[in-house]
A.B. asks: 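Okay, handing you the structure first.
What's counted below: heavy atoms across the whole structure, side chains too, no hydrogens, waters or symmetry copies. In what follows, chains carry the letters A, B, and so on, assigned in the order in which the sequence lines appear, proteins first and then strands, with residues in each chain numbered from 1.
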Amino acid sequence: MTENCDLTEVYKSLLAAFGPQNWWPAKGPEEMIIGALLTQNTTWENVEKALINLRLDHRLSFSAISTTPLSALQKLIKPSGYFRQKSERLKALADAIIEAGGLNQLKEKTTPDLRTWFLALKGVGPETADSILLYAFKRPSFVIDAYTLRIGKRHQWLPATANYDKAQSYFTNQLQADPAIFNEFHALLVQIGKNFCRPQNPVCKNCPLLNYLVPDQNQFQSHKGSP
DNA sequence: CCCCAGGCGTCCA
DNA sequence: TGGACGCATGGG
């Protein structure tokens with residue numbers, strides 16, 4: 001793929017302008033993984049409601065989820081949507097991790113093996129797998145989401161036909177394989193997407209990526225809560 | 001009423 | 001291989 005954009009420069013520019021986004025700060029890997037599953041096609045605000053319910057019920061762990069009846073789990077995670085699907089998949093995920101010997105065993109795997117292992121689980125697709133690898137296991141696995149794909153295509157970094165794997169290769173091939181950078185860059189792209197790269201707009205209005213203009217920071221919603 | 005949200009699995013050509 | 005569709009709550 002031709003490199004018509006210096007992503008390292010884009011990253012530096014965004015980080016200087018908006019600062020660290022502090023995604024999933026000081027959260028344990030179990031909560032990160034549970035959140036990664038629940039946030040599929042769902043706002044983080046709704047996921048937090050589900051996480052609070054789980055925490056108050058002392059069920060924010062794989063062992064607790066594994067032994068929680070499906071009906072009870074559905075009630076707890078209801079605010080995060082798709083609760084019938086997600087409750088089953090969350091239990092299956094918890095069971096599989098326990099069966100594999102827990103995160104301490106899984107972390108012995110190489111990054112490609114770990115990705116393959118998670119992708120084999122029902123309900124874990126490429127974005128969820130890469131989120132788990134990056135945010136819970138600190139592996140340099142770049143996360144592509146709807147925002148990143150949309151931004152990449154709008155700015156013609158990517159062809160209109162690019163899929164997940166093509167987009168991931170584009171970012172990975174240009175950037176230093178540093179989990180901290182992948183973490184921050186992904187979070188910054190989501191923030192840009194939310195503010196400037198709306199689906200209904202044919203072009204990104206006032207997008208700071210268009211020419212590296214640094215916008216007034218007041219245009220951005222401050223990043224409250226976690227992640 | 002509409003559209004959207006940090007996707008994924010299934011079905012079908 | 002890729003497009004259409006269902007899944008579900010909550011907000012603008």
A.B. asks: Please tell me whether A/Lys86 and A/Thr42 have a donor and an acceptor in their side chains that are separated by less than 3.5 angstrom.
C.D. replies: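 Per modelled atom types, A/Lys86 and A/Thr42 side chains form a pair under 3.5 Å.
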
A.B. asks: With a non-hydrogen cut-off below 4.0 angstrom, is A/Leu121 in contact with a base, only sugar-phosphate, or nothing?
C.D. replies: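 The residue A/Leu121 makes sugar-phosphate contact but no base contact.
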
A.B. asks: Hey, mind stepping through A/Lys122 and A/Glu88 against salt bridge (Lys or Arg N to Asp or Glu O under 4.0 Å) and telling me if it holds?
C.D. replies: CA-CA 9 Å; A/Lys122 180 166 290 191; A/Glu88 282 197 31; over 6 Å; no

A.B. asks: Once you round it to whole Å, what is the distance between P of B/dG6 and CD of A/Gln168?
C.D. replies: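 So the CD-P distance, A/Gln168 to B/dG6, works out to 20 Å.
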
A.B. asks: Ring of A/Trp23 versus six-membered ring of B/dG6: centres under 5.5 Å and planes under 30°?
C.D. replies: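 Per 5.5 Å and 30° rule: yes, stacked.
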
A.B. asks: Expressed as a whole number of angstroms, how long is the span from A/Leu133:CG to B/dG6:P?
C.D. replies: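 Spelled out: CG on A/Leu133 to P on B/dG6 is 21 Å.
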
A.B. asks: For atom P, what is the distance between B/dC3 and C/dA4, given to the nearest Å?
C.D. replies: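 15 Å, rounded to whole Å.
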
A.B. asks: For the P atoms, the ones on B/dC8 and on C/dG10, what distance do you get once it is rounded to whole angstrom?
C.D. replies: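 Pairwise P distance, B/dC8 against C/dG10, rounds to 22 Å.
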
A.B. asks: Side chain of A/Asn41: nearest nucleotide among B/dT10, C/dA8, C/dT9?
C.D. replies: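 Of B/dT10, C/dA8, C/dT9, C/dA8 is nearest to the side chain of A/Asn41.
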
A.B. asks: What is the distance from CG of A/Leu93 to C1' of B/dG7, rounded to the nearest Å?
C.D. replies: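 About 15 Å, once rounded to whole Å.
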
A.B. asks: Which sits closer to the 5' end of DNA chain B, A/Asn46 or A/Gly123, going by the nucleotide each is nearest to?
C.D. replies: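 Result: A/Asn46.
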
A.B. asks: Does the A/Glu184 side chain pair with the main chain of A/Gln21, one donor and one acceptor, at a distance under 3.5 Å?
C.D. replies: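 Yes: the side chain of A/Glu184 pairs with the backbone of A/Gln21.
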
A.B. asks: For A/Tyr164 and A/Gln168, which I'm curious about, is there any donor-acceptor pair between the side chains at under 3.5 Å?
C.D. replies: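 Not at all, the side chains of A/Tyr164 and A/Gln168 share no donor-acceptor pair under 3.5 Å.
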
A.B. asks: I need the CG-P distance between A/Asn53 and C/dT9, as an integer number of Å.
C.D. replies: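 The answer, rounded to whole Å, is 14 Å.
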
A.B. asks: What integer distance in Å separates A/Glu48:CD from B/dG6:C1'?
C.D. replies: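 Computing the A/Glu48:CD to B/dG6:C1' distance gives 13 Å.
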
A.B. asks: Quick one: sort the A/Phe142 and A/His186 rings into parallel, tilted or perpendicular, breaks at 30° and 60°.
C.D. replies: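 Judged by the thresholds at 30° and 60°, the geometry between A/Phe142 and A/His186 is perpendicular.
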
A.B. asks: Evaluate the criterion side chain to side chain contact (heavy atoms under 4.5 Å, CB included) for residue pair A/Arg115 and A/Leu119; output intermediate values, then yes/no.
C.D. replies: CA-CA 6 Å; A/Arg115 189 173 195 269; A/Leu119 283 176; 3.6 Å; yes

A.B. asks: For B/dG6 and C/dG6, measure between their P atoms and round to the nearest Å.
C.D. replies: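 Those two atoms are separated by 22 Å.
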
A.B. asks: Determine the contact category for A/Val124: base if any of its heavy atoms lies under 4.0 Å from a base atom, sugar-phosphate if only primed atoms, P, OP1 or OP2 are that close, otherwise nothing.
C.D. replies: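 Sugar-phosphate, backbone atoms only, no base.
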
A.B. asks: Could you tabulate the donor-acceptor pairs under 3.5 Å formed by side-chain atoms of residues 72-84 of chain A, not counting sequence neighbours?
C.D. replies:
residue, atom, partner, partner atom, Å
A/Ser80, OG, A/Ile77, O, 2.8
A/Tyr82, OH, A/Asn41, ND2, 2.9

A.B. asks: What is the separation between atom NZ on A/Lys166 and atom C1' on C/dG2, rounded to the nearest whole Å?
C.D. replies: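 Spelled out: NZ on A/Lys166 to C1' on C/dG2 is 15 Å.
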
A.B. asks: In whole angstroms, how far is the C1' atom of B/dG7 from the NZ atom of A/Lys122?
C.D. replies: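 Rounded to whole Å, this separation is 15 Å.
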
A.B. asks: Within this structure, what is the CD1-to-C1' distance between A/Ile151 and B/dG6, rounded to whole angstrom?
C.D. replies: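 Distance check: A/Ile151 CD1 to B/dG6 C1' gives 11 Å.
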
A.B. asks: Classify the nucleic acid contact of A/Ala146 as base, sugar-phosphate or nothing, counting any heavy atom under 4.0 Å across all strands shown.
C.D. replies: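 Touches sugar-phosphate only.
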
A.B. asks: Using heavy atoms and a sub-4.0 Å distance, could you list which residues of residues 71-92 of chain A are near DNA chain C? By number, please.
C.D. replies: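 Of all residues in residues 71-92 of chain A, the ones placing a heavy atom under 4.0 Å from DNA chain C are A/Lys78, A/Pro79, A/Gly81, A/Tyr82, A/Phe83, A/Arg84, A/Gln85.
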
A.B. asks: If you look at every heavy atom in A/Leu7 and A/Gln174, which pair is closest and at what distance?
C.D. replies: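 Heavy atoms of A/Leu7 and A/Gln174 come nearest at N-OE1, 3.2 Å.
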
A.B. asks: Please state whether the phosphate of B/dC4, meaning OP1 or OP2, lies under 4.0 angstrom from any side-chain nitrogen or oxygen of A/Thr43.
C.D. replies: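 The answer is no; no side-chain N or O of A/Thr43 sits under 4.0 Å from OP1 or OP2.
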
